[in-house]
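Please read all numbers here as calculations on a predicted model, not as lab measurements. Chain identifiers are assigned alphabetically (A, B, ...) following the order of the sequence lines, protein sequences preceding nucleic acid strands; residue numbering begins at 1 within each chain.
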Amino acid sequence: MALKLYNSLARKKEIFEPIHEGRVGMYVCGPTVYSDVHLGNIRTFVSFDVIYRYLKYLGYKVRYVRNITDVGHLEGDADSNAEDKISQRARLEQLEPMEIVQHYMNGFHSMMHRFNTLDPNIEPRATGHIIEQIKMVQDILDNGFAYIENGSVYFDTLKFQQEKKVYGQLSGRIIEELMTETRTDLKNQSEKRHPSDFAIWIKASPTHLMRWESPWSIGFPGWHLECSVMSTKYLGDKFDIHGGGNDLKFPHHENEIAQNIGACGVAPAKYWLHTNMLLMHGKKMSKSDGNSITPHELFTGDSPHVSKGYSPMALRFFMLQAHYRSTLDISDEALSAAEKGYKKLMETNKVLQNLAATQWASTPTSTDTEIEKLMSETINGMNDDFNTAIAIGKLNELSGYIHKLANKQLAFTEISESVLNKLKAFYATFITDVFGLLSESEHAAQEESTLDGLMQLLITMRQKARAEKDWATSDLIRDALGELKIQVKDGKDGTTWSKG
RNA sequence: GGUGACGUGGCCGAGUGGUUAGGCUGGGCUCUGCAAAAGCUCCUACAGCGGUUCGAAUCCGCUCGUCACCUCCA
């Protein structure tokens, strides 16, 4: 069964056929680093991480590009009075904009690593591509799809639509309706010829911190421009997959397509993938309206929304239990269920890897057939638009066989050695390489407390032995711990211990 | 107001015409010194109304409800 994916552009599932055989170019819109990454972003990047991992699993050579937006993302409406999010933050905190960027970018990276997402192959930053962005603005102007107004440059959506007929194709917007937009809160856009036009170069106000020289003004690039420039710079004018959150479909991605076509006549991506939103209490989790919980609060449990802390891996598993195009509602109950499911899956894998026998079925059995079937159904699930929920369900069905073998409820003579070995490799690969789930070592804090408890127990037992002058037992404990590089220290105020 | 999506059992969440999704929770059984784990098993479904069909959670229509986008957001 071939890989199918849901292409937002076509609004249906399509068979995936890369532009260049064996290779995939994938671009995903990354975060704007003006504040701490929140859980909704994480869901999107975890989703694309699994997509990236699965494409690699299928044998594709993938170039994964995910940008860092460090300029151009405006607070409020895109007229000349609007302020760049990062610039604004820098002013408020009295820091260099690049200090803001560095700080939140570092935080983003460390959070991504806690969720065990793979780094993209290229992580370009908008401020590193100002020259290319200016060139694209010029190309769009040269092609007649933009106009200059008071030092700012605007994309002419009406002209673009008249000539290319594709504006609104991705998002389903109808340009005539955008033209007659009557909402009163959108009326302060006097420099634009049409309400649907958007800025591609913005003249900086005197107080604006981030500014570059250009043929039109000292200013900064529009937000949509960076993705058009950086995706095609690293992946070519036409590449395979462009991804991002659902909420970027319009205007961001629609405008991106317009810019690329406006500049070089080619739509950038063959397949557009959009992840759905993470909800809390049935509503979109969103920083701006306070309906959100930070990853840190989830880890520690320090939030009225949860009864306890959840590990990054439990959260990752929670996200994988739903399909990436479905909304996912976060709740304490659901997280708790996911945590248990995650632990069980990891434990099952451990049990599986430890299975060993001396006698096997000599000919293929019905168990072999069932197991082979479940493995291929796992793959089919993933091939059906990366349906991780199905894949997890199938792995769980396989777990029945694994535990029965472990408990001797199913004899090893009912299974072929080759099938079990295949299952071992398959299970481990899926959990680790495709789903990106780490084992318990991720729960470092929990292990710490377990170790602590064990040590207290040993010390108590040793003290009992010492009280009874049972020096053999006492020394056995101390020496054995020494072998494990744990030092036992008998002081005046009792016994302490240390590692290493 | 425009556009789109969704409504599945106690909870989460797959599933687009006929077959058990799966996880968590609850009941029963097996195993077990006790407990845990594990296995087996049971219970509660497809928002409502109508239509198409031999047959619908799945297709069509209507009603009700929820959400998203249209403005920064993954």
Side-chain angles (χ1 to χ4, degrees), chain A residues 8 11 13 28-32 34-35 37-48 66 69 73-78 82-85 88 168 171-174 176-178 180-183 185-186 188-189 195-196 223 243-252 254 274-279 281-289 292 317-318 320-345 347-348 351 374 377 381 384 387-410:
Chain A
S8 301
R11 288 157 212 255
K13 286 181 194 169
V28 173
C29 289
T32 301
Y34 69 105
S35 68
V37 64
H38 84 120
L39 214 59
N41 298 58
I42 290 169
R43 184 192 183 193
T44 294
F45 300 134
V46 164
S47 297
F48 283 108
R66 187 184 64 206
T69 296
H73 208 151
L74 296 183
E75 193 72 56
D77 296 324
E83 189 166 18
D84 183 285
K85 278 173 183 279
Q88 179 190 52
S171 61
R173 306 289 140 177
I174 295 160
E176 287 74 16
E177 285 172 4
L178 293 169
T180 56
E181 178 62 71
T182 54
R183 281 163 45 123
D185 54 343
L186 290 180
N188 55 348
Q189 301 173 351
S196 57
W223 171 41
N246 213 351
D247 49 358
L248 294 184
K249 212 185 269 183
F250 187 88
H252 185 56
E254 193 70 62
H274 289 98
T275 59
N276 216 321
M277 298 292 108
L278 189 63
L279 311 182
H281 308 306
K283 298 213 173 193
K284 179 179 173 180
M285 196 178 274
S286 163
K287 268 190 288 203
S288 52
D289 64 14
S292 75
F317 184 82
F318 169 72
L320 298 187
Q321 274 189 309
H323 189 261
Y324 75 88
R325 278 190 294 113
S326 297
T327 53
L328 175 62
D329 206 334
I330 198 164
S331 69
D332 191 52
E333 211 175 354
L335 285 173
S336 168
E339 182 183 53
K340 286 178 187 168
Y342 157 68
K343 286 182 176 168
K344 205 169 132 183
L345 185 67
E347 184 57 31
T348 300
V351 168
L374 285 169
E377 283 173 352
D384 186 11
N387 196 326
T388 50
I390 294 265
I392 287 173
K394 295 300 173 187
L395 292 186
N396 275 320
E397 288 191 61
L398 281 164
S399 96
Y401 290 97
I402 293 165
H403 287 292
K404 272 189 268 189
L405 282 168
N407 296 343
K408 317 282 186 222
Q409 288 167 306
L410 182 67

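When both distances must be under 3.5 Å, the Watson-Crick or G-U wobble mate of B:rG7 is B:rC64. Base-pair partner of B:rG1: B:rC70 (Watson-Crick or G-U wobble, both distances under 3.5 Å). Pair check for B:rA57 finds none; no Watson-Crick or G-U wobble contact set falls under 3.5 Å. The partner of B:rA38 is B:rU30, judged by Watson-Crick or G-U wobble contacts that both fall below 3.5 Å. Under the Watson-Crick or G-U wobble criterion, with both distances below 3.5 Å, B:rC46 is left unpaired in every strand shown.
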query: Along nucleotides 3-15 of chain B, 5' to 3', which nucleotides get a B, which get an S, and which get a -, given that the test is a protein heavy-atom distance under 4.0 Å?
result: S-------SSSSS
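B:rC40 and B:rU32 have their C1' atoms separated by 16 Å, given to the nearest Å.
Residues forming a side chain to side chain donor-acceptor pair (under 3.5 Å) with A:His403 (at least two apart in sequence, or on another chain): A:Thr348. For A:Ala338, the side-chain contact (heavy atoms from CB on, under 4.5 Å) criterion is met by A:Phe317, A:Phe318, A:Gln321, not counting sequence neighbours. For A:Ser331, the side chain to side chain donor-acceptor pair (under 3.5 Å) test picks out no residue, with sequence neighbours left out. Applying the side chain to side chain donor-acceptor pair (under 3.5 Å) criterion to A:Glu377, with sequence neighbours excluded, gives A:Lys394.
Comparing A:Ile42 and A:Glu397 along RNA chain B, the residue whose closest nucleotide (by nearest heavy atom) sits nearer the 5' end is A:Glu397. When each of A:Gly393 and A:Lys340 is assigned the nucleotide of RNA chain B bearing its nearest heavy atom, the one mapping closer to the 5' terminus is A:Gly393.
Distance from the side chain of A:Thr275 is smallest to B:rA74 among B:rA74, B:rA21, B:rG23.
Atom-to-atom, CG of A:Leu345 to P of B:rA37 comes out at 17 Å; the value is rounded to the nearest Å. Distance A:Asn396 CG to B:rG22 P: 9 Å, rounded to the nearest Å. Here the C1' atom of nucleotide B:rA68 and the CE atom of A:Met285 are 15 Å apart, to the nearest Å.
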Between the protein and nucleotides 38-44 of chain B, list the N/O to N/O atom pairs that are separated by less than 3.5 angstrom.
unit_1, atom_1, unit_2, atom_2, d
B:rA38, O2', A:Asn407, ND2, 2.4
B:rG39, O4', A:Gln409, OE1, 3.1

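For the pair A:His274/A:Asp247, no side-chain contact is recorded, criterion being any heavy-atom separation below 4.5 Å from C-beta on. A 4.5 Å side-chain heavy-atom check between A:Leu39 and A:Ile330 finds at least one atom pair inside the cut-off.
Expressed to the nearest 0.5 Å, how far OG of A:Ser171 lies from CZ of A:Phe250 amounts to 5.0 Å.
Within 4.0 Å of A:Gly40, counting heavy atoms only, lies at least one base atom of the nucleic acid.
Within the 4.0 Å cut-off from OP1 or OP2 of B:rA74, not a single side-chain nitrogen or oxygen of A:Lys284 is found.
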